[in-house]
Amino acid sequence: MATALTHRNAELLIVENAEALYRTAAEEFSHAAESAIAERGRFCVALSGGNTPKGAYAELAAQKKDSLPWEKIYVFFGDERHVPPEDSESNYRMARESLLSKVPIPEENVHRVLAELPAPAAAVQYEMDIRSFLHLPGGVWPRFDLIFLGLGDDGHTASLFPGSPALAESSRIVVANFVEKFNGYRITFTYPVLNHADKVIFLVSGRSKAQVVKEIFTSREAAYPALGVRPENGKLLWIADKDAASLLA
Ligand code: 6PG
C-alpha cells in the first residue's frame with residue numbers, strides 16, 4: 001500500500017518494499033515516455049547510477065520490452081564514475097546489463113559519458129553531445145522529460161557531493177567534479193539541468209537511507225545536496241520504500 005506525503009513541493013510516495021519501488025519506477029518511466037512521445041514525438045530520459053535503480057531497470061525491461069516504442073526513447077546519464085564502460089563501477093555498464101541490452105533500443109539512442117577520457121574532457125564532450133542532440137543554443141538549458149536520481153546516505157545525488165565544487169556550478173550542463181572522499185573525479189549533471197527537467201524522480205531504498213530521508217522531509221535546517229533539486233517548472237517525486245522511510249512518523 002503506497003502512502004503519499006508532500007513537503008517543499010515534493011511528493012513522497014512510500015511503497016512497501018524494494019520490489020514495489022522497482023515496479024512503481026518502471027510504471028513512472030512508462031507513463032512519462034508515453035506522454036512525451038504523444039506530445040513531442042520522443043522521450044529524453046536521464047538514468048541514475050548506483051545500486052537502487054538496477055532493479056527498476058530490470059523490471060522495466062521485463063515489463064515493457066515489447067510495449068514501448070524504444071526507437072523514440074533517448075537515454076542519457078545524470079552522472080558517471082570516471083571509469084571505462086566495461087568497468088564494474090560504470091553506471092553505463094549497469095544500465096546496459098539491466099536494461100539497454102534487453103530492449104530494442106537503437107544503439108545510437110544511448111548517449112553515454114565517454115568516461116574513459118580525462119574527466120574534464122569527458123564532461124565537455126558530454127555537454128557538446130547533449131547540446132548538439134537537442135540543438136540547444138548556448139546559454140539554453142536542456143529540458144529532459146524525466147531524470148532519475150538516487151540518494152547517498154550523505155545526502156548527495158547524481159555526483160553532487162557535500163562540499164564539492166559542482167554544487168556551485170551555474171553555467172555548465174555537465175562538469176567533472178572532484179570528490180575528496182574518492183580522491184577522484186565524477187562526471188555529473190549540474191543543478192540547472194536537474195531543475196529544468198519536466199520531471200525528476202528520486203529512488204530511495206533501504207534502512208541506510210532512513211536518517212537522511214527523515215532529515216530531508218522533516219528538518220528545516222537540513223542542507224543536503226539532494227535538497228538543491230527543486231525543478232522550477234517541473235514535477236518532483238520521491239519514491240521510497242518503507243525501510244528508507246522508516247524514521248518518518
Ligand atoms: C552514482 C549515483 C549516486 C547514487 C547514490 C545512491 O553514480 O553512484 O548516481 O548518486 O544514486 O550514491 O546509490 P545507491 O543506490 O547505490 O545507494
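Counting starts at 1 for both ligands and their atoms, in listed order.
- F189 has its ring centre no less than 6.0 Å from the ring centre of F77.
- Qualifying side chain to side chain donor-acceptor pair (under 3.5 Å) partners for Y191, counting only residues two or more places apart in sequence or in other chains: none.
- What sits closest to atom 12 (O) of ligand 1 on the protein, heavy atoms only, is H156 NE2, 2.7 Å.
- Salt bridge annotation for E28-K199: present, with a cationic side-chain nitrogen under 4.0 angstrom from a carboxylate oxygen.
- Nearest protein heavy-atom neighbour of atom 15 (O) of ligand 1: T52 OG1, 2.6 Å.
- Classification of D198 and R143 as a salt-bridged pair holds, one side-chain N sitting under 4.0 Å from a carboxylate O.
- For atom 10 (O) of ligand 1, the closest non-hydrogen atom on the protein side is A158 O, 2.6 Å.
- When side chains are defined from C-beta on, F202 does not count as touching I239, because their heavy atoms never get closer than 4.5 Å.
- Residue nearest to atom 13 (O) of ligand 1, selected from S208, P53, P225, G50: G50 (by heavy-atom distance).
- D153 and K209 are not joined by a salt bridge, as no carboxylate oxygen comes within less than 4.0 angstrom of a charged side-chain nitrogen.
- Counting atoms of ligand 1 from 1 in the listed order, those under 4.0 Å from a heavy atom of G150 are 11 (O).
- Ion pairing of R42 with D145 is absent here, as no side-chain N (NZ or NE/NH1/NH2) approaches a carboxylate O to less than 4.0 Å.
- Below 4.0 Å from some heavy atom of R81 lie the following atoms of ligand 1, by number and element: 1 (C), 7 (O), 8 (O).
- The ligand atoms of ligand 1 that sit less than 4.0 angstrom from a heavy atom of N91 are 1 (C), 7 (O).
- Its side chain within the 4.5 Å cluster rule, F178 clusters with Y185 among the Ile, Leu, Val, Met, Phe, Trp and Tyr residues.
- Ion pairing between R23 and E59 fails under the 4.0 Å rule for side-chain N and carboxylate O.
- Of the protein's non-hydrogen atoms, the one nearest atom 6 (C) of ligand 1 is L151 O, 3.5 Å.
- Heavy-atom separations between E80 and ligand 1 are all 4.0 Å or longer.
- Heavy-atom separations between S159 and ligand 1 are all 4.0 Å or longer.
- Scanning the protein heavy atoms around atom 9 (O) of ligand 1, the nearest turns out to be D79 OD1, 2.7 Å.
- Scanning all protein heavy atoms for the shortest distance to atom 17 (O) of ligand 1 gives K209 NZ, 2.5 Å.
- Atom 16 (O) of ligand 1 has N51 N, 2.8 Å as its closest protein atom, hydrogens excluded (heavy atom only).
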